[in-house]
Amino acid sequence: MIYRNPIIKGFYPDPSVCYAEGKYYLVTSSFQYFQGVPLFESDDLVNWKQTGHVLTRKSQLPLDYALSSGGIFAPTIRYNNGIFYMVTTNTTTAKNFYVTTKDIHGEWSEPIFVEQDGIDPSLYFEDGHAYFMSNGTDDEGNSGITQCEIDISTGKKLSPSKTIWKGSGGRYLESPHLYKIDGYYYIMAAEGGTEYGHMITYARSQNIWGEYQGYSGNPVLTNRNLGGYQIQGVGHGDLIQKQSTGEWFIVHLGFRQINRWQPFHHLGRETFLTPVKFENGWFTAGHNGTTVEEFEIQGDFVQTEKKNYSFADKNEWIYLRNPDFSNYEISDEKFVLYGTENSLDTQTPTFTGIRHRDFESTVSCEVSLTGENSEAGITVYMDENHHYDLAIKENDGKYTAVLKLNIGDAKYIRNSIELNQNSTVLEITSNNFVYSFKVKDGENIYDFGSAQTRYVSTEVACGFTGVIYGLYAVGKGCKAEFTGFANNYI
Ligand code: 6LW
């Protein structure tokens with residue numbers, strides 16, 4: 001069959017994957033969003049369904065002081081002896097930790113901390129031993145891919161940390177994962193930074209502590225030389241073998257720029273799948289070491305894609321930092337949001353959203369508003385400094401619909417119109433280049449114009465996240481009822 005990349009669209013970066021009892025499980029980063037670490041499952045490595053999140057409680061996920069693109073960085077998921085492990089870094093508390101569960105559909109444990117610095121932690125199990133690695137500094141002060149043995153029940157170090165590989169020379173050596181395949185240990189990592197120069201490299205050794213010998217063809221996977229190609233920034237991946245066919249793959253991140261020669265991406269870093277071939281103890285990946293849109297693999301299953309999202313898709317809705325849930329009444333039909341004085345320009349607005357997953361989309365919702373000096377609507381949200389807000393506002397008993405563009409220091413009310421009542425239908429459509437905004441007031445439909453996608457892209461906003469379609473409410477007495485939410489893709 002032929003499958004198309006990305007296999008998981010929208011802001012789902014730094015994927016890690018494992019196999020357990022007939023299924024594949026995948027996790028991704030989540031930064032300042034709650035709940036943390038989206039969890040997916042699949043039967044075939046191509047079709048993935050989000051089943052929830054790994055970090056579901058504040059005790060596992062303290063985010064109160066997390067800046068945008070702070071909080072939870074790249075996770076790793078592993079399965080050993082009937083137990084699932086998810087290890088990650090809370091960069092805001094600067095702690096590496098893991099949580100465990102025996103029931104992948106149940107709750108995960110409280111965090112177990114490992115006293116080792118660095119980001120992108122990973123675990124490797126062999127013969128009753130557990131090894132922890134990160135892109136940290138070892139006990140001798142050497143930085144690189146650093147490894148130590150740990151007591152998996154407590155997280156305590158059982159050996160000194162040792163830097164086992166220093167990469168192939170690219171900047172930002174990160175994302176280490178260790179595998180043992182046919183007698184060799186392989187350490188796979190990312191280098192080049194998570195932008196256009198991103199890449200995957202690896203080395204092998206017959207001894208777990210090294211020396212590791214770098215692959216002479218490094219980087220094994222990169223799109224850095226594919227000028228004008230939509231898929232860019234491929235790197236940060238995890239190796240997995242498909243049980244039914246024996247085929248190998250790297251599940252990894254990448255992003256789609258808005259067009260050829262237009263290096264902007266606003267949908268976030270997404271999850272891709274690239275085939276891998278082993279030969280004489282070394283492996284190659286993709287199409288001449290690049291990730292392309294389509295690959296042919298074994299099997300005659302089909303790739304399907306969920307195109308419609310609503311309030312009922314509870315696994316996909318996320319919040320900012322540690323939300324005060326007394327400000328939210330959530331059901332499958334209706335979301336009621338209570339505002340506070342915190343606007344979308346602050347870190348803790350009343351906000352819940354769902355990822356913007358593909359260029360061509362529509363999102364619409366009816367909003368009805370009560371409360372003096374209040375505001376509620378839909379936001380195209382990259383971070384607190386970069387967002388487009390289509391909203392209804394109350395002032396002196398009058399209701400207006402507004403479109404506000406916030407691009408860093410450039411803040412601008414693009415359009416506004418007085419409404420006949422305290423409710424309206426707000427609608428946003430998107431393509432690669434623009435978001436277009438419409439307001440419905442009874443029979444009247446007002447075209448509020450459009451705003452470019454590039455100004456809410458990573459290249460403008462910086463950071464590691466992607467656009468979220470958010471619902472929000474602002475104002476102390478604000479009560480906003482949202483009904484009929486629909487987010488559709490073509
Ligand atoms: C992540 C690092 C990276 O921890 O970006 O692309 C960082 N790679 O490995 C944030 O996602």
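Nothing here was measured: the structure is a model prediction, and the numbers come from that model. All ligand and atom numbering here is 1-based and tracks the order in the structure.
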Checklist outcome for this item: Here the gap from Leu55 atom CG to His53 atom NE2, rounded to the nearest 0.5 Å, amounts to 9.5 Å

Checklist entry - With no hydrogens and no angle check, is any side-chain donor or acceptor of Thr101 less than 3.5 Å from a backbone partner on Trp108? => result no

Item to check | Among Asp358, Asn432, Asn5, the one residue meeting side-chain hydrogen bond (donor to acceptor under 3.5 Å, both in side chains) with Arg256 | outcome: Asp358

Checklist entry - Does ligand 1 have an atom under 4.0 Å from some heavy atom of Tyr172? => result no

Checklist entry - Does any N/O atom on His236 come nearer than 3.5 Å to any N/O atom on ligand 1? => result yes

Checklist entry - Quick one: does ligand 1 sit under 4.0 Å from the side chain of Thr89, the backbone, both or neither, non-hydrogen atoms only? => result neither

Next on the checklist: Whether the side chain of Lys277 engages the backbone of Thr284 through a donor-acceptor N/O pair (distance < 3.5 Å, no angle test) should be reported.
Outcome noted: no

Item to check | Protein contact to atom 5 (O) of ligand 1 [nearest heavy atom, distance to 0.1 Å] | outcome: Arg269 NH1, 3.3 Å

Checklist outcome for this item: Nearest non-hydrogen protein atom to atom 8 (N) of ligand 1, with distance, is Glu174 OE2, 3.1 Å

Next on the checklist: Do the side chains of Lys9 and Glu270 get close enough for a salt bridge, i.e. N-O under 4.0 angstrom?
Outcome noted: no

Item to check | Contacting atoms of ligand 1, where contact means under 4.0 angstrom from a heavy atom of Ile119 | outcome: 4 (O)

Checklist entry - atom 9 (O) of ligand 1: which protein heavy atom is closest, and how many Å away? => result Asp120 OD2, 2.3 Å

Next on the checklist: For the backbone of Gly141 and the side chain of Asp138, can you confirm whether one donor and one acceptor N or O come within less than 3.5 Å of each other?
Outcome noted: yes

Checklist entry - Among all protein non-hydrogen atoms, which one is nearest to atom 11 (O) of ligand 1, and what is the separation to 0.1 Å? => result Asp14 OD2, 2.5 Å

